[in-house]
Amino acid sequence: MPTRHLKAKDESERSSLEVGTPLTARVLLAAPPLRREFFNRDAVTVGRELLGKLLIRRDGRRLLAGRIVEDEAYLGALDPAAHAYSGRTLRNAVLFGPAGHAYVYFIYGNYYCTNVTCMPEGDAGCVLLRAIEPVLGLDAMIQARGLESSSQTGISQIRLISSGPGRMSEALGITRARDNGKDLTERRSDLWIAADGYRPERVIETPRIGITKAVQEPWRFVIAGNRFVSGKRGS
DNA sequence: GAGGAGATCGTCT
DNA sequence: GACGATCTCCTCT
């Protein structure tokens, strides 16, 4: 994969790249994984409450983690924009299974998008994870994205690491072959979601983006002011 | 900085 | 054969 060149930056700028509040592996491993009951609710509630939670990837002996700053709810059979709307297929079968599992699909010939199943089994609701704010493993994420090292990554470009569902999945090495159907409530898995007690100050609800059906529904949730939120000017 | 076009391939009909 | 819950690059202002 060719290296994508980002703007150079100086040392003073680099220190500010330690985005949000960087966490240690010890802190991440102490954070309890979200329980099945958390996901066994409607997708809108889960989407709103997932903001601020930690998405953690174990990659060999390494941990990568980011705080969820943007997501979207999809309501299954009730939602024309949802993959489950047209019924069960081989691709979306995970959506019809138990809550708290990863639904990963391939899109536009290049990218993977990562969802968490929710609602009681059979209802096929899910939450699309759209962006995280890196809290551990920043350099590994930059490498996974094919960007230059953090010593050369500009502050104005740092959001390119994990802002957007395709970028976020690539940064954490999430693929359909590796992660589709994985239980995200289980720390013994190599991908899970945990809570460390952080609560976002302000959450904004907006219409979902990148879809052509049910575009008016305000089921996209973002942490207000967070620089890793995708879209134009993070809106 | 903003907007548009093209790339790319799995999935579904 | 058509479409798509995206991203990057290029052009214009």
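FYI, side chains are in, hydrogens and waters are out, and symmetry mates aren't considered; it's all heavy atoms of this structure. The sequence lines fix the lettering, A, B, ..., with proteins before strands; numbering per chain opens at 1.
- Comparing atom distances between the A:R145 side chain and each of B:dC9, C:dA5, C:dT8 picks out C:dT8 as nearest.
- A donor-acceptor pair under 3.5 Å is absent between the side-chain atoms of A:R130 and the main chain of A:S163, judged by distance alone.
- If you measure from atom OH of A:Y105 to atom C1' of B:dC12, you get 15 Å, rounded to the nearest angstrom.
- Computed from coordinates, the A:Y112 OH to B:dG10 C1' distance equals 9 Å when rounded to whole Å.
- Checked against B:dC9, C:dA5, B:dT8, the side chain of A:N110 finds its nearest nucleotide in B:dT8.
- The base of B:dA7 is not paired with the side chain of A:Y108 by any donor and acceptor separated by under 3.5 Å.
- At a threshold of 4.0 angstrom between heavy atoms, the contacts of A:R176 are confined to the sugar-phosphate backbone, with no base atom among them.
- The side chain of A:R91 lies closest to B:dC12 when the candidates are C:dA5, C:dC7, B:dC12.
- Panel note: side chain A:D183, backbone A:H101; no donor-acceptor pair is recorded below 3.5 Å.
- Here the side chain of A:N115 is nearest to one of B:dC9, C:dC7, C:dA5, namely C:dA5.
- At whole-Å resolution of the value, CG in A:L75 and P in C:dA5 are 16 Å apart.
- Stretches of at least 3 consecutive Watson-Crick or G-U wobble pairs, with each checked distance under 3.5 Å, appear in DNA chain B as B:1-7 with C:6-12, B:9-12 with C:1-4.
- Map A:R167 and A:K213 each onto its nearest nucleotide of DNA chain C; the residue landing nearer the 5' end is A:K213.
- When atom types are taken as modelled, the side chain of A:R57 and the backbone of A:G173 share a donor-acceptor pair closer than 3.5 angstrom.
- Judged by the 6.0 Å distance and 45° axis criteria, A:R36 is not positioned over the aromatic ring of A:F39.
- Whole-Å rounding puts the A:I211 CD1 to C:dT6 C1' distance at 14 Å.
- Atom CZ of A:F106 is separated from atom C1' of C:dC3 by 14 Å (rounded to the nearest Å).
- Here the two rings, on A:H83 and A:Y74, have centers that are 6.0 Å apart or farther.
- The residue from A:L50, A:V44, A:I204 that alone fulfils the side chain to side chain contact (heavy atoms under 4.5 Å, CB included) condition with A:F221 is A:V44.
- A:R91 forms a cation-pi arrangement with A:Y105, by the criterion of a distance under 6.0 Å to the ring centre and an angle within 45° of the ring axis.
- Following rounding to the nearest Å, A:I107 (CD1) and C:dC7 (P) show an atom-to-atom distance of 10 Å.
- In this structure, A:T89 and A:Y111 both approach DNA chain B, and ranking their closest nucleotides by distance from the 5' end singles out A:Y111.
- Rounded to a whole Å, the OH atom of A:Y85 is 17 Å from the C1' atom of B:dC12.
- One atom, NE2 of A:H83, and another, C1' of C:dC3, lie 11 Å apart when rounded to the nearest Å.
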